[in-house]
Amino acid sequence: MFLPLFPVEKVWAMSDNVQKAGFSPADYAIVSSGFKSFETVRYGNPYSGNFRSILRISPEINGLKGVRLPVDEQGNPKTATLKLKFNGSVKLLIGVAEKSGRSVNNPLLEKINFHRGTLSVKPVLLNGLSVTELPAMDIYEVRYPSGEQEITIPADPGFHMAILGVVSSGQRIPYRDTGIGDEEDYEAFYIEGFAEGPQLFTVIGGQDDPVVEEGMPGTEGIQGGFEGGSIVRIDDVYHMFPTERAGEEGMPATYDRVKTRIGHWTSTDAIHWTRRSTILQASGVYAVSPEDNPMNDRRSAIWSYMPVFSEENNRWYGHYLAYTTDRDIAPNHSFGRIWRCESTVEGIEGIGGPYKDMGIVIEPGLSSQWWEGRQGVASFFPYKVGNKWLSFISGAYPFMNPGDYPDKGGKGWFVGLAESDKLEGPWTRLDTTVNPMVSIHPWFVENPIVSKLPNGLYIAVFDGGPEWLKLPNQIAYSLSKGGYTWTRARYIPIDIKVKKWWDTMRTPLCLMPEGDGVYTIIYAAINNNRRYHPMGMVQVKMDMKVLDEIAAGL
């Protein structure tokens, strides 16, 4: 009988419905303590102590089970001795990438002691997978006999290595170059359920098709579909206030982002929606001057309506974003201003308005900060913290130098905080020791929406950024104990459970509690082959025990 000295993690072969078009995995056990397996799939996390994730992977190895290897805070390999137990003769598949991007050679590989294993002379798959922050990895095979085997990895062998899985020795691995490219400039990110650590949210279901789609009742006159906004629930009725990219018939798709309006939609199940009214309508008039000039129409485009109920005034306040728009300068949305409006109907039932404007809450000016850039102030979401009100504000296309104004915005979509004693204002930006809030992400956070969780933590859900900017292309969230400091972003991969009808994930409009830890998210997303941007729905379940663990560490 085999009696291991350490706890054993058995790594079982996957079923046929999971293992697609690739090698058939062999069972094995991890004998060494401190090592865990991971799934060798997109988003898989091959390292312990680092958030690097698999981005692209050849079908031959997709779905195998690998072993996480330890790395330091900079992501460099740490000394490790790994013991595995095989039930028969096998091929251990490893990925290796030389740090400078050059091909790994055998003298470098010889720094690793495979003990009784025999390393293939050449890769069996060239460019077999890509991992965030690393060159593409070539795949080698190491042949092992049955029984307990050992691998010793030095602290810095001169390249990065990943253990990707085990197949039987009888499987032939035909050589090919997969053509997968390097991802050294793709920053690592934390994907929920794939990265090492406890999983707060699990995707439990949702709609495989959009819940608000072109041609449905209420979508008449909306050329380009939807984007950001928000949702509140009153007496089991969801009230949605999306940005409707209305555009104009006969005008190009770019005009959908200019001639916008805020709609009011309701639903009793978050799936079937009825349009009730138009809350606000943009002018759609382009700017006549590239700078922030009063000659420009400063309500050319209207976006991101956020309703908050004022207990003191017993009525709904709506906060929304109004832009100047430019025909030629990126971004065409420029010099955002946040307006506040009030429902003319008192009480909770006044959610549908009509609303009257009460003036500008916060705008570009002498108190603006460099990161707000050409687009700021680009969103506003107020939330109560003690006796104060805080609000996320955002900016984009930052001005890095005074000479950049008005038309040379740089790269970055940032958020910061503003503060007020009253919901009505006046609002003051927090200083640059707080803003921008790069603790969430170094350079991309867009349209955060804040709510309070059962244990008192604040949570912000937001757009995590598109893949074409080398971002996770997922709905993201961040947590805060007191509302002022926020955790590193985590991303929720809803496409593992819901059919992916989109190419680019956009903005979540809510994180709506349904009871028993279940939350509904309504989101806007883009199919790159279509002008129309529909709305989708997904449900996630929160692990309350994990939430308390996270809270204890904040």
Side-chain angles (χ1 to χ4, degrees), residues 49-53 73-75 132-133 183-192 195 197 200 228 304 331 336 362 364 367-383 385 390-402 404 408-419 427-450 457-492 505-508 550 553-554:
N50 185 277
F51 294 151
R52 287 175 178 154
S53 302
E73 292 181 358
Q74 289 72 45
T132 51
E133 301 181 339
E183 297 293 359
E184 290 173 282
D185 58 347
Y186 205 126
E187 294 172 7
F189 49 84
Y190 188 109
I191 288 283
E192 192 84 306
L200 181 59
S304 303
I362 191 167
S367 62
S368 294
Q369 296 166 356
W370 65 268
W371 55 270
E372 296 177 45
R374 182 172 171 82
Q375 196 169 62
V377 180
S379 73
F380 188 85
F381 193 93
Y383 57 97
V385 176
L390 294 178
S391 180
F392 273 112
I393 60 174
S394 68
Y397 294 77
F399 295 131
M400 308 302 293
N401 302 289
D404 290 345
K408 296 180 181 177
K411 176 184 175 181
W413 286 256
F414 298 97
V415 294
L417 290 175
E419 186 179 60
W427 289 85
T428 303
R429 294 165 171 87
L430 297 188
D431 64 38
T432 53
T433 63
V434 176
N435 295 343
M437 303 209 64
V438 293
S439 63
I440 303 175
H441 186 275
W443 58 273
F444 195 101
V445 179
E446 194 164 29
N447 294 319
I449 293 178
V450 180
L457 288 188
Y458 295 90
I459 185 167
V461 293
F462 54 93
D463 173 7
E467 191 169 13
W468 57 269
L469 280 175
K470 298 209 166 184
L471 291 162
N473 196 29
Q474 302 286 354
I475 293 168
Y477 74 92
S478 174
L479 298 167
S480 176
K481 193 169 188 177
Y484 284 88
T485 59
W486 291 81
T487 62
R488 178 180 178 139
R490 295 188 178 196
Y491 302 87
I492 305 173
M505 174 59 65
R506 289 297 287 130
T507 311
I550 293 172
L554 294 180

Would you say the side-chain atoms of [X] pair up with the backbone N or O of [Y], donor to acceptor, closer than 3.5 Å?
| X | Y | value |
| --- | --- | --- |
| Ser391 | Phe380 | no |
| Ser439 | Trp486 | yes |
| Ser394 | Ser379 | yes |
| Asp404 | Asn401 | yes |
| Gln375 | Gly336 | no |
| Arg488 | His441 | no |
| Gln474 | Glu192 | no |
| Ser480 | Tyr458 | no |
| Asp463 | Asn447 | no |

Does a side-chain heavy-atom distance below 4.5 Å link [X] with [Y]?
| X | Y | value |
| --- | --- | --- |
| Tyr484 | Leu390 | yes |
| Ile393 | Leu417 | no |
| Ile440 | Thr487 | no |
| Lys481 | Leu457 | yes |
| Arg429 | Glu372 | yes |
| Met437 | Val445 | no |
| Leu471 | Trp443 | yes |
| Phe392 | Phe462 | no |

Hey, what do you get for [atom1] ([X]) to [atom2] ([Y]), rounding to the nearest 0.5 Å?
| X | Y | atom1 | atom2 | value |
| --- | --- | --- | --- | --- |
| Ile449 | Ser304 | CD1 | OG | 8.5 Å |
| Ser53 | Tyr190 | OG | OH | 10.0 Å |
| Tyr491 | Phe189 | OH | CZ | 8.5 Å |

Report yes if the distance between the aromatic ring centroids of Phe399 and Trp370 is under 6.0 Å, otherwise no.
-> no
Thr132 side chain to Arg52 side chain, donor-acceptor N/O pair below 3.5 angstrom = no
Who passes salt bridge (Lys or Arg N to Asp or Glu O under 4.0 Å) against Glu419, sequence neighbours left out?
-> none
Nearest heavy-atom pair of Ala476 and Gly464: which atoms, and what distance?
-> CB-CA, 4.1 Å
Cation-pi check, Arg374 onto Tyr397 ring (under 6.0 Å, within 45° of axis) | no
Pick out which of Glu184, Glu183, Glu187 makes a salt bridge (charged side-chain N to carboxylate O under 4.0 Å, His left out) with Lys470.
-> Glu183
Derivation and outcome, side chain to side chain contact (heavy atoms under 4.5 Å, CB included), residues Ile492 and Ile191 = CA-CA 6 Å; Ile492 305 173; Ile191 288 283; over 6 Å; no
Partners passing side chain to side chain donor-acceptor pair (under 3.5 Å) against Tyr186 (at least two apart in sequence or in another chain) | none
Worked check of side chain to side chain contact (heavy atoms under 4.5 Å, CB included) between Met505 and Glu467 = CA-CA 9 Å; Met505 174 59 65; Glu467 191 169 13; over 6 Å; no
